[in-house]
2 protein chains.
Amino acid sequence: MEMQPELCRVEDALGILVGKWKPIILLILLQNGTKRFSDLKRSIPGITQKMLTNQLRELEEEDIITRKVYPQVPPKVEYSITEYGKSLEPILVAMHEWGTAHTLHKMKKSQQTLFRIE
Amino acid sequence: MEMQPELCRVEDALGILVGKWKPIILLILLQNGTKRFSDLKRSIPGITQKMLTNQLRELEEEDIITRKVYPQVPPKVEYSITEYGKSLEPILVAMHEWGTAHTLHKMKKSQQTLFRIE
DNA sequence: CGGCATCCTGATTGATACTG
DNA sequence: CAGTATCAATCAGGATGCCG
């Protein structure tokens with residue numbers, strides 16, 4: 001395939017995926033399709049409300065997810081992955097697979113270090 | 001495949017790819033195998049020497065590229081992609097392909113906006 | 001419940017100048 | 001040629017508090 005640096009479109013995908021919590025949010029929505037705000041928050045240990053809102057807004061802005069508000073008390077807001085968002089799955093899978101192999105690579109590296117020290 | 005959020009290894013790949021100039025550097029080295037510093041700089045419009053050095057160091061630290069210094073005057077330093085670094089190619093290709101499609105998506109979106117305005 | 005507004009900190013990036 | 005050093009600017013991320 002043609003992938004000249006001048007025609008590099010890698011940044012587009014990277015721009016959408018970059019954000020401390022976006023990959024995990026997308027993985028959850030890819031697995032579940034739809035989740036409400038509080039469910040997401042509970043599924044992602046350590047995230048603050050601000051950051052969850054923030055990352056969701058950015059993903060929504062890119063049409064990767066949709067936001068549905070149920071006008072009721074207490075409020076209920078559901079987030080869903082879009083068809084377009086689902087198209088990111090191959091990238092996330094590729095990254096996950098690479099990351100798994102990367103773990104092994106790091107283990108090998110630290111073992112080599114141990115050998116050198118001894 | 002197994003891709004539970006708790007077992008998410010996506011961040012590893014993302015961490016290596018994130019950096020304003022890393023993807024373009026990797027694409028160039030994947031295509032050329034080896035390039036010297038000045039060639040890289042010329043191939044990447046807008047990058048400063050500092051940032052090129054910076055990003056190369058980080059990639060080297062992760063064993064994605066290697067740095068070979070020729071002790072001569074004027075200095076010559078060559079950067080090459082490692083076998084390990086080549087394993088990132090599927091991710092970059094997947095992102096590039098997605099980015100290309102993304103361009104079309106954005107075009108459609110702006111057209112819809114135009115229709116709504118008229 | 002699901003936000004938003006404010007303030008704050010550290011990391012990232014950049015401009016510029018200098019060097020072996 | 002291939003850097004390093006310094007300083008400045010920008011930005012992502014986080015802590016906290018208030019609100020309908």
Side-chain angles (χ1 to χ4, degrees), chain A residues 5 8 10-29 32 34-62 64-81, chain B residues 5 8 10-26 28-29 32-62 64-81:
Chain A
C8 168
V10 167
E11 304 292 352
D12 298 321
L14 204 59
I16 286 177
L17 262 16
V18 167
K20 186 164 177 182
W21 311 95
K22 284 180 190 174
I24 184 79
I25 291 172
L26 289 177
L27 288 173
I28 292 172
L29 288 183
N32 297 276
T34 296
K35 279 258 190 185
R36 57 187 297 183
F37 188 87
S38 48
D39 286 336
L40 278 172
K41 180 146 168 38
R42 226 170 306 113
S43 304
I44 308 174
I47 197 170
T48 61
Q49 271 180 336
K50 175 197 165 181
M51 285 312 297
L52 181 52
T53 304
N54 179 326
Q55 308 275 291
L56 289 169
R57 288 292 177 284
E58 291 183 14
L59 291 170
E60 191 190 356
E61 181 66 23
E62 297 286 350
I64 305 301
I65 64 174
T66 56
R67 176 172 183 265
K68 180 166 186 183
V69 182
Y70 295 82
Q72 62 185 41
V73 179
K76 176 180 171 185
V77 179
E78 277 183 353
Y79 292 91
S80 310
I81 190 106
Chain B
C8 170
V10 167
E11 304 291 350
D12 298 321
L14 207 58
I16 285 177
L17 262 17
V18 167
K20 187 163 176 182
W21 310 95
K22 284 179 190 171
I24 184 78
I25 290 172
L26 290 176
I28 291 172
L29 289 182
N32 297 276
T34 296
K35 278 256 190 186
R36 57 187 297 185
F37 188 86
S38 51
D39 286 337
L40 278 172
K41 179 147 171 36
R42 226 171 306 113
S43 303
I44 308 174
I47 197 170
T48 61
Q49 272 178 337
K50 174 193 164 183
M51 283 314 296
L52 182 52
T53 303
N54 179 324
Q55 306 276 289
L56 288 169
R57 289 290 179 285
E58 291 183 15
L59 291 170
E60 191 191 356
E61 182 65 23
E62 296 286 349
I64 306 301
I65 64 174
T66 57
R67 177 172 182 265
K68 179 165 187 185
V69 181
Y70 294 83
Q72 62 184 44
V73 180
K76 176 179 170 184
V77 179
E78 278 183 351
Y79 291 92
S80 309
I81 190 105

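What you see is a predicted model; the values in this text were computed from it and never measured. Chain naming here is simple, since letters A, B, ... match the order of the sequence lines and numbering starts at 1 in each.
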Checklist outcome for this item: Between its two end axes (five pairs each) the helix from dC1(C)-dG20(D) to dG20(C)-dC1(D) turns, nearest 10 degrees, through 50°

Checklist entry - What's the CE-P distance between Met51(B) and dT16(C), to the nearest Å? => result 16 Å

Next on the checklist: What's the separation between atom NZ in Lys68(B) and atom OG1 in Thr34(B), rounded to the nearest 0.5 Å?
Outcome noted: 9.0 Å

Next on the checklist: Using a 4.0 Å heavy-atom cut-off, does Gln55(B) contact any base of the nucleic acid, only the sugar-phosphate backbone, or nothing at all?
Outcome noted: sugar-phosphate

Item to check | Heavy-atom contact window of chain A on DNA chain D, given 5' to 3' at under 4.0 Å | outcome: dG13(D) to dG20(D)

Checklist outcome for this item: Taken in chain and number order and not counting sequence neighbours, the residues that satisfy side-chain contact (heavy atoms from CB on, under 4.5 Å) with Glu61(B) are none

Item to check | Heavy-atom closest pair, residues Ile28(A) and Asn32(A) | outcome: O-ND2, 2.7 Å

Checklist entry - With Glu60(A), which residues qualify under side-chain contact (heavy atoms from CB on, under 4.5 Å), at least two apart? => result Arg57(A), Ile65(A), Arg67(A)

Next on the checklist: Please find the pair of heavy atoms, one from Gly19(B) and one from Pro23(B), that lie closest to each other, and give the distance.
Outcome noted: O-CD, 3.4 Å

Item to check | Heavy-atom pair with the smallest gap, counting every atom of Ser43(A) and Lys35(A) | outcome: OG-NZ, 3.7 Å

Strictly under 3.5 Å: I want the nitrogen or oxygen pairs between protein and nucleotides 2-9 of chain C, one per line.
residue, atom, partner, partner atom, Å
dG2(C), OP1, Arg36(A), NE, 3.0
dG2(C), OP1, Arg36(A), NH2, 3.1
dG2(C), OP1, Val77(A), N, 3.4
dG2(C), OP2, Ser38(A), N, 2.8
dG2(C), OP2, Ser38(A), OG, 2.8
dG2(C), N7, Gln49(A), NE2, 3.4
dG3(C), OP1, Arg57(A), NH2, 3.0
dG3(C), OP1, Arg67(A), NE, 3.3
dG3(C), OP1, Arg67(A), NH2, 2.3
dG3(C), OP2, Tyr79(A), OH, 2.7
dG3(C), N7, Gln49(A), OE1, 3.3
dC4(C), OP1, Arg57(A), NH2, 3.3

Checklist entry - How far apart are the closest heavy atoms of Leu59(B) and Ile16(B), and which atoms are they? => result CD2-O, 4.1 Å

Item to check | Closest non-hydrogen atom pair between Ile47(A) and Lys41(A), with its separation | outcome: O-NZ, 3.2 Å

Item to check | Integer-rounded Å distance: dT13(C) P and Ile24(B) CD1 | outcome: 15 Å

Checklist entry - How would you list, by chain and number, every residue that makes a side chain to side chain donor-acceptor pair (under 3.5 Å) with Lys22(A), sequence neighbours excluded? => result Glu58(A)

Checklist entry - Which atom pair, heavy atoms only, marks the closest approach of Leu29(A) to Tyr79(A)? => result CD2-O, 3.5 Å

